[in-house]
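First the proteins, then the strands, lettered A, B, ... as listed; each starts at 1.
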Amino acid sequence: MRSPIDLCPAVIQHCGMTDSSEVRVRFAPSPTGFFHIGSARTALFNWLYARHTNGKFVLRVEDTDSARNTPEALAALLDGMRWLGLDWDEGPEVGGDYGPYFQSERQDIYAEYLQKLLDAGRAYEKDDAIFFKLEGERYVEFDKYKNAEVEKVRTEPITVKDAIRGDVTRNVETDFVIRRSNGDYGFHFVNVVDDIAMNITHVIRGEDHLSNTARHVEIYQALGAQPPVFAHLPLILKTDGKGKMSKRDQGSLIEEYVQRKFIPEAVRNFICLLGWNPKDGSEIMPIGDIIEKFDFPGIQKEAARFDEKKMSHINTEYLRALPVETFCWMAGPVLAEAKVIDESTEEDYLHAILAISQEKARDFEGLPELVGPLFNEDFAVDPEAQKRVFKKGEPLTRLAELLPVLEQVDPWCENSLDQAILDLAEKKGQRKFDYFPIARLAVSGQAGGPDLLALLRALGKERVIARMRRFADMQEA
RNA sequence: GUCCCCAUCGUCUAGUCAGGUCUAGGACACUGGAUUUUCAUUCCAGCGACCGGGGUUCGAAUCCCCGUGGGGACGCCA
């Protein structure tokens, strides 16, 4: 079975050599059971940068919070990554030279680095926890935010080199916990230690981490390590209202797009555009082109508002551009799930209907409703459609005239159907198109849909005649 | 409260670094028109923005300052 994601041809095979200049990026999620669009974007941008530079994309699982991190949560994350076509070069299931790739299995490494800090006098124990010790003159100040007296340190300002924002200078002014009193290591510490130990060269993450980065740089310096290049991505804001997008917002979870049958490439293309653009105006493009064009200068500084309409538009564009075979291959399961088709549905008929419906479809979510009547001989007639068709002319007379003519059509193809209706119209002094709306309504119960002649052809003579008779009988009753 | 980041159509953005080619370009959405048997197709058109105030300059969307607005961080969460 083929994956819906086209594994991009533009990805050049990585040469196995370890080059000191090789880019190594990582995505370090904490599996919570959901794959948030913001996390997905961070993963995607790291992946793009790795592929663009022919570097390595590392997946490291920050599962230090044992209460929240379950196997199911991990599976949800990995499934989401795969759905978006984001393959990792090192990490769970694939291994690598810098493992283990679960933080829960890296305790020895943390202990080792902690000892280095302790030995250097840059960490101390207090209240059973271990704190990172800043260097500088100490003083006590009342902190309004914490509403308490706090010990502060006059430190040298830290300048963070950020590939998107330039130099960002900030002071860290309080010692902070690197190992909690329960023995767990804190985020700032493990994050930096892992990045050092895994030889990470570029840290690409959300802007919400920017303020924390000065702390991270303090740790790098205390450990005598060279900080990586940072790249802080703009946040994704709610469609309307205040603040960044959260789990509860419509459209914020990748799972939602999976359920709603969005095309993964379309979702991925849309997420690429959330805070990045190629500067040449192109929006919908193959992933190979995106990889080629992706780089830090194209990344936006300002937070972007999420727009579901644009997401849908891109999805529709992808759907229409699908090769008809792929469209059918993807539509089958959707229709089966919606009980529009089952094992008894003829393969050829299904294919014929889908082939003429693709250009009318907007998304897979709405496909069952669009083609449902074509697979159900007891389809309901849409009252609105009926009202419109019966507004003018004598549709029932036209239908009665049409039926015997259609019975004689041979071969059953668009050309002869067209010709037969044309001849009939001429004979009766009507226009050809006086027959079209009622024919469509009679065979599908709808006022719109695929091209009528193509639809009649696809339905086949037997179905068309039967459906028209049934419709005519219903009108008499 | 303190610190940090940011600021172009309703939304996503191009242009800002290297000031003039910008009466500010594109996309989504919206509105109108054309075509079509229908339509959720296609085509065309319209609507619509440089946050405010100072400064520098012959010239500012672009550089500087001050406001204002938006976002973020300040956990023994990650």
Does [N] have a Watson-Crick or wobble partner in any strand here, with both distances under 3.5 angstrom, and which is it?
N     : value
B/C22 : none
B/G1  : B/C74
B/A45 : B/U31
B/C39 : none
B/U57 : none
B/C51 : B/G67

For atom [atom1], what is the distance between [N] and [M], given to the nearest Å?
N     : M     : atom1 : result
B/C44 : B/C50 : C1'   : 28 Å
B/C43 : B/U35 : C1'   : 8 Å
B/C9  : B/G15 : C1'   : 14 Å
B/A60 : B/C51 : P     : 15 Å
B/A18 : B/U13 : P     : 24 Å
B/G48 : B/G25 : C1'   : 14 Å
B/G19 : B/G55 : C1'   : 15 Å
B/G20 : B/C64 : P     : 15 Å

So what does [X] touch, heavy atoms closer than 4.0 Å: a base, only the sugar-phosphate, or nothing?
X        : answer
A/Arg179 : nothing
A/Leu452 : base
A/His188 : base
A/Gly243 : sugar-phosphate
A/Asp127 : base
A/Lys244 : sugar-phosphate

Can you tell me how far [atom2] of [N] sits from [atom1] of [X], to the nearest Å?
X        : N     : atom1 : atom2 : value
A/Ile314 : B/A29 : CD1   : P     : 10 Å
A/Asp175 : B/G75 : CG    : P     : 13 Å
A/Leu455 : B/U36 : CG    : C1'   : 16 Å
A/Asp208 : B/C74 : CG    : C1'   : 13 Å
A/Lys432 : B/U36 : NZ    : C1'   : 11 Å
A/Asn212 : B/G71 : CG    : P     : 19 Å
A/Glu317 : B/A40 : CD    : C1'   : 13 Å
A/His313 : B/C30 : NE2   : C1'   : 14 Å

* Tell me the side chain to side chain donor-acceptor pair (under 3.5 Å) pairs involving residues 232-241 of chain A, sequence neighbours left out? -> A/Asp162-A/His232, A/Arg205-A/His232, A/Thr213-A/His232, A/Lys238-A/Asp249
Taking only nitrogen or oxygen atoms into account, show me every contact under 3.5 Å that the protein makes with nucleotides 61-65 of chain B, one pair per line with its distance.
none

NZ/NE/NH1/NH2 to OD/OE distance under 4.0 Å, [X] and [Y]:
X        : Y        : answer
A/Arg260 : A/Asp363 : no
A/Glu135 : A/Arg122 : yes
A/Arg138 : A/Asp175 : yes
A/Arg26  : A/Asp194 : no
A/Lys161 : A/Asp167 : yes

* Asked: Looking at A/His52 versus A/Phe45, is the centre-to-centre ring distance below 6.0 Å?
  ->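 Judged by ring-centre distance (under 6.0 Å), A/His52 and A/Phe45 do not meet the cut-off.
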* What does nucleotides 4-16 of chain B look like as a protein-contact string, B for base, S for sugar-phosphate only, - for none, at under 4.0 angstrom between heavy atoms? -> SBSSS--SBSSS-
* Asked: So, the side chain of A/Asp128 versus the backbone of A/Asn182: is there a donor-acceptor pair under 3.5 Å, distance only?
  -> no
* Asked: Got a sec? Which of residues 139-150 of chain A come in under 4.0 Å of RNA chain B, heavy atoms?
  ->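 Close to the strand are A/Lys144, A/Tyr145, A/Lys146.
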From C-beta outward on [X], which listed nucleotide comes closest to its side chain: [options]?
X        : options             : result
A/Ala447 : B/G72, B/A78, B/U38 : B/U38
A/Arg388 : B/C39, B/U41, B/G71 : B/C39
A/Ser181 : B/C76, B/A78, B/U41 : B/C76
A/Arg180 : B/A73, B/U41, B/C77 : B/C77

* Asked: So, A/Asp63 and A/Ser104: side-chain donor and acceptor under 3.5 Å apart, yes or no?
  -> yes
* Taking atom types as modelled and ignoring hydrogens, do the side chains of A/Gln419 and A/Asp423 form a donor-acceptor contact shorter than 3.5 angstrom? ->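 Yes.
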* Take A/Lys360 and A/Asn171, find for each the nucleotide of RNA chain B with the closest heavy atom, and name the residue whose nucleotide sits nearer the 5' end. => A/Asn171
* To do: By nearest nucleotide on RNA chain B, pick out whichever of A/Gly366 and A/Thr174 is the more 5' one.
  => A/Gly366
* Which residues share a ring-ring contact (aromatic ring centres under 6.0 Å, His included) with A/Phe189, sequence neighbours left out ->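 Residues passing ring-ring contact (aromatic ring centres under 6.0 Å, His included) with A/Phe189: A/Tyr185.
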* **ring-ring contact (aromatic ring centres under 6.0 Å, His included) partners for A/Tyr49, two or more places apart** => A/His202, A/Phe296
* To do: Return the orientation label for the A/Phe57 and A/Phe27 ring planes: parallel under 30°, perpendicular over 60°, tilted otherwise.
  =>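 The rings of A/Phe57 and A/Phe27 lie parallel, inter-plane angle below 30°.
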* Asked: For A/Phe131, is the NZ or CZ atom of A/Lys126 found under 6.0 angstrom from the centre of its six-membered ring and inside 45 degrees of the ring axis?
  ->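 Yes, A/Lys126 lies over the aromatic ring of A/Phe131.
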* To do: Please lay out, stage by stage, how A/Arg398 and A/Glu401 fare under the test salt bridge (charged side-chain N to carboxylate O under 4.0 Å, His left out).
  => CA-CA 5 Å; A/Arg398 298 288 88 76; A/Glu401 292 165 358; 3.1 Å; yes
